[in-house]
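Just the heavy atoms: all of them, side chains too, but no hydrogens, waters or symmetry mates, feed the values below. Residue numbers count from 1 along this sequence.
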Amino acid sequence: MSYRAPVADIVFTLRHAAGFAPAQAAGLYGDLGNDVVEAVLAEAGRFAGEVIAPLNSIGDRTGAQFKDGAVTTPPGWKQAYRDWAAAGWNGLAAPAQWGGQDLPHAINAACVEMWNAASMSFGIGPVLTMSAIEALVAHGSEELQRLYLPKLVSGEWTGTMQLTEPQAGSDVGALRAKAARAGDGSYRISGQKIFITYGEHDLTDNIVHLVLARLPDAPPGTKGISLFLVPKFLVDADGSLGARNDVRAHSIEHKLGIHASPTCTMVFGDQGGAIGFLVGEENRGMACMFTMMNQARLAVGLQGVGIAERATQQALAFARERKQGRATGEPSGPSPIIAHPDVKRMLLTMRALTRAARAICYATAVALDRAERGGDARARSEATDRAALLTPVAKAFATDIGSEVASLGIQVHGGMGYVEETGAAQHFRDARIAPIYEGTNGIQAIDLVTRKLPLAGGAVVKNYIAELRRNAEAIQAAKEPAFGMTGQKLGEAVDALARATEWLLGRQLNDPDTALAGATLYLRLFATAAGGALLAEEALAAQKLGADAPSRIALARFFAENIAVQAGGLERAVTEGADSITLADSALL
């Protein structure tokens with residue numbers, strides 16, 4: 001089965017769970033109307049479903065091919081990319097000054113979900129270009145912006161993010177790539193980078209690498225890292241392409257999934273050093289790179305949402321068609337397997353997790369919009385903190401559930417899910433990278449617990465928990481029998497999150513290992529409470545509007561009574577289970 005973009009669901013979540021409608025009403029988006037939003041998303045959904053999605057299995061079977069230093073993308077890939085770029089999708093949220101459309105991050109986030117649902121291998125490439133644009137807009141010199149941004153925004157050139165080295169994965173401070181000052185203000189870059197997405201390809205005439213490297217007199221660790229722009233082809237003053245730079249792809253990886261996305265080992269400096277140009281200040285490269293990484297982390301979270309949506313659509317279609325056994329209450333069989341309670345449970349879990357993750361990711365995107373477009377400094381600062389709090393949750397939870405939902409999709413298919421012909425296995429193989437790249441989900445949990453919870457002395461997270469609690473209370477106040485125990489179970493989940501949060505805040509300084517031991521489970525607890533509350537907010541909006549209310553109420557109830565009820569166990573694991581980790585070295589001998 002191919003992919004059909006759930007545009008109506010996407011629009012509803014944006015407006016009624018992510019906070020897009022209040023931001024729109026407050027004038028955050030100028031005169032941007034609902035008709036434009038719906039038209040943009042509908043066209044994105046059409047392109048994703050009709051142009052990109054049919055290439056997904058082709059890309060999986062063929063993969064990117066490497067020969068003599070060059071990468072060839074699968075059949076149809078180049079034309080699809082060129083059509084996609086020509087339609088302006090790459091510059092959707094980019095500044096109008098550089099040829100972009102200056103639309104909200106929230107609209108772009110919805111589109112990123114659709115590109116990646118259609119094909120993760122296709123969708124990840126533009127993510128890095130969009131992130132490079134963000135970094136150059138925020139930190140690039142006027143000259144670099146003039147030379148590079150128009151072509152990056154248009155999609156005529158693509159961008160990469162180059163951090164990882166064989167000895168420097170999550171520990172970026174251990175990198176060894178070198179930068180040497182040249183007499184003309186440029187730098188000479190040498191070294192090796194690994195796992196570089198779209199480091200080499202045939203989609204565009206030039207590739208703009210953003211590379212972390214260390215100057216000879218730099219301090220050790222992350223405080224001594226600088227960021228450099230290193231183009232595949234040098235760019236002349238008039239914007240035309242010049243000589244080939246001293247950078248090449250040495251090889252591409254043979255991977256579990258996303259076969260059509262070329263994952264390259266890059267070599268700089270075979271001929272004395274690749275010419276690079278400083279982005280930002282010397283030894284301040286991590287600050288610049290985090291501009292890229294935060295955008296990319298949300299986008300990877302959206303990959304998780306996209307692959308979960310695709311897997312759910314396929315599993316639902318299969319479950320409606322596949323007939324096995326006689327369902328309870330039916331006079332004869334065989335019945336569609338969707339009629340069997342356990343299959344129904346799996347499908348409901350898939351849909352509930354997918355929609356909860358979508359709501360969290362979109363809420364993060366709206367917070368980014370408020371951080372940029374807020375009417376005053378205080379509003380922008382508060383939104384920046386909200387986006388910072390939610391980003392690790394969006395990335396980790398959405399990619400975790402992407403793998404979980406894709407796995408359930410295989411289970412729904414039974415034996416047919418385990419063979420490649422149905423495509424269900426590809427979703428699982430593709431999804432598995434997302435919890436790893438752009439910062440492993442363990443790193444996201446550590447970031448949440450050690451950096452984001454203490455923001456403003458804990459006020460940022462406490463204010464957010466208070467919002468979640470109001471959602472649970474609103475459900476209880478609605479007194480709608482169809483909600484069942486939704487309000488009560490969500491309230492209990494939010495209370496569990498509040499207690500675990502206080503517990504972790506009290507141990508940040510004096511007992512850091514204990515806090516770190518529970519970080520991953522705490523992130524899941526956070527997302528469980530937040531996801532349930534956001535689904536409840538959607539259900540209340542649907543009830544008020546009379547828009548698909550029974551379906552949304554049923555899904556919110558399922559989440560509350562089957563998933564949110566896990567919050568108490570997660571809380572106890574966070575607050576009581578640390579010793580079973582920190583004192584368990586003997587179990588690993």
Between Leu455 and Arg451, does the side chain to side chain contact (heavy atoms under 4.5 Å, CB included) criterion hold? Intermediate values first, please. CA-CA 7 Å; Leu455 287 172; Arg451 295 188 181 95; over 6 Å; no
Test salt bridge (charged side-chain N to carboxylate O under 4.0 Å, His left out) applied to Lys395 and Asp400, step by step: CA-CA 9 Å; Lys395 193 278 179 183; Asp400 277 344; over 6 Å; no
Could you walk me through whether Met286 and Leu212 pass side chain to side chain contact (heavy atoms under 4.5 Å, CB included), step by step? CA-CA 8 Å; Met286 285 304 296; Leu212 290 181; 3.8 Å; yes
Give the C-alpha distance, both sets of side-chain angles, the deciding distance and a yes or no for side chain to side chain donor-acceptor pair (under 3.5 Å) between Gln543 and Glu480. CA-CA 10 Å; Gln543 183 187 43; Glu480 166 58 59; 3.3 Å; yes
Dump the intermediate steps for side chain to side chain contact (heavy atoms under 4.5 Å, CB included) on Phe397 and Ile360, then the final yes or no. CA-CA 9 Å; Phe397 177 66; Ile360 291 171; 3.9 Å; yes
After noting the C-alpha distance and the side-chain angles of Phe20 and Tyr29, does the key distance pass the ring pair (Phe, Tyr, Trp, His ring centres under 6.0 Å) rule? CA-CA 9 Å; Phe20 188 85; Tyr29 303 129; 4.7 Å; yes
Audit row: Asn116, Ile307, side chain to side chain contact (heavy atoms under 4.5 Å, CB included) steps and yes/no: CA-CA 7 Å; Asn116 283 280; Ile307 203 71; over 6 Å; no
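With values rounded to the nearest 0.5 angstrom, Leu353 atom CG is found 8.5 Å from Thr312 atom OG1. Here OH of Tyr522 is found 5.5 Å from CG of Leu448. Values are rounded to the nearest 0.5 Å. One distance of note links CD of Glu537 with CD of Glu467; it measures 8.5 Å at 0.5 Å rounding. In this structure, the separation between OG on Ser551 and CZ on Arg351 is 6.5 Å, given to the nearest 0.5 Å. To the nearest 0.5 Å, atoms CD (Glu282) and CG (Leu215) are separated by 5.0 Å. Distance check: His16 NE2 to Leu534 CG gives 13.5 Å after rounding to the nearest 0.5 Å.
Of the N and O atoms on the side chains of Thr349 and Asn562, not one donor lies less than 3.5 Å from an acceptor on the other residue. Counted by atom type alone, Gln162 and His209 present one or more donor-acceptor pairs between their side chains at under 3.5 Å. A donor and an acceptor atom, one from each side chain of Glu281 and His139, are nowhere located under 3.5 Å apart. With hydrogens and angles left out, the side-chain atoms of Gln303 and Thr399 include no donor and acceptor closer than 3.5 Å.
Nearest heavy-atom pair, Ala117 versus Gly306, reported as atom, atom and distance to 0.1 Å: CB-O, 3.3 Å. A pairwise comparison of heavy atoms in Ala517 and Thr582 identifies CB-CG2, 4.2 Å as the closest pair. Nearest approach of Ala496 to Leu525, heavy atoms of both residues: O-CD2, 3.9 Å. Of all the heavy atoms in Glu165 and Arg176, the pair that sits closest is OE1-N, 2.6 Å. The heavy-atom pair separating Asn441 from Ala396 by the smallest distance is ND2-O, 3.2 Å. Residues Gly518 and Val574 come closest through the heavy atom pair O-CG2, 3.6 Å.
Judged purely by atom type and a 3.5 angstrom limit, Arg310 uses its side chain to pair as donor or acceptor with the backbone of Ala118. A distance-only check finds a donor-acceptor pair linking the side chain of Lys452 to the backbone of Ala388 [under 3.5 Å]. Using a distance-only test at 3.5 Å, with no hydrogens or angles considered, no donor-acceptor pair links the side chain of Arg370 to the main chain of Ala383. Arg552 contributes no side-chain N or O that, together with a main-chain N or O of Glu538, makes up a donor-acceptor pair within less than 3.5 Å. Thr164 places no side-chain N or O within 3.5 Å of a backbone atom of Phe195 that could act as its donor or acceptor partner. Listed for the Thr440 side chain is no donor-acceptor partner under 3.5 Å among the backbone atoms of Ile436. A donor-acceptor pair under 3.5 Å is absent between the side-chain atoms of Ser261 and the main chain of Ile258, judged by distance alone.
With respect to Arg557 and Glu561, a salt bridge is recorded, a charged nitrogen being found less than 4.0 Å from a carboxylate O. Between Arg358 and Glu113 there is a salt bridge, with a side-chain nitrogen of the basic residue lying less than 4.0 Å from a carboxylate oxygen of the acidic one. Ion pair Arg355/Glu309 not flagged as a salt bridge, since none of the NZ, NE, NH1 or NH2 atoms sits closer than 4.0 Å to an Asp/Glu carboxylate oxygen. Ion pairing between Arg386 and Glu382 fails under the 4.0 Å rule for side-chain N and carboxylate O. Salt bridge annotation for Arg507-Asp513: absent, with no cationic side-chain nitrogen under 4.0 angstrom from a carboxylate oxygen. Using a cut-off of 4.0 Å between Lys/Arg side-chain N and Asp/Glu carboxylate O, Glu571 and Arg499 are scored as salt-bridged. The pair Arg297-Glu438 fails the salt-bridge criterion, with no side-chain N (NZ, NE, NH1 or NH2) lying under 4.0 Å from an Asp/Glu carboxylate O.
Ring centroids of Phe12 and Tyr362 are separated by 6.0 Å or more, keeping the two rings apart.
Here the side chains of Ile401 and Arg524 are in contact, with some heavy-atom distance below 4.5 Å. Annotation: side chain of His427 is not in contact with side chain of Asp430 (no heavy-atom distance under 4.5 Å). Side-chain contact between Ser381 and Thr384: absent, with no pair of heavy atoms (C-beta onward) separated by less than 4.5 Å. Side-chain atoms of Asn471 and Ile475, non-hydrogen and from C-beta on, never get closer than 4.5 Å to each other. With contacts defined as side-chain heavy-atom distances shorter than 4.5 Å, the pair Ser407/Met346 does not qualify. Between Arg469 and Ile465 the shortest side-chain heavy-atom distance falls below 4.5 Å. The shortest side-chain heavy-atom distance between Thr501 and Phe526 does not fall under the 4.5 Å cut-off. The side-chain heavy atoms of Asn108 and Leu103, taken from C-beta on, include no pair separated by under 4.5 Å.
The local environment of NZ in Lys255 is crowded, with over 12 non-hydrogen atoms from other residues, nucleotides or ligands closer than 6.0 Å.
Partners of Asn283 under the side-chain hydrogen bond (donor to acceptor under 3.5 Å, both in side chains) rule, at least two apart in sequence or in another chain, do not exist in this structure.
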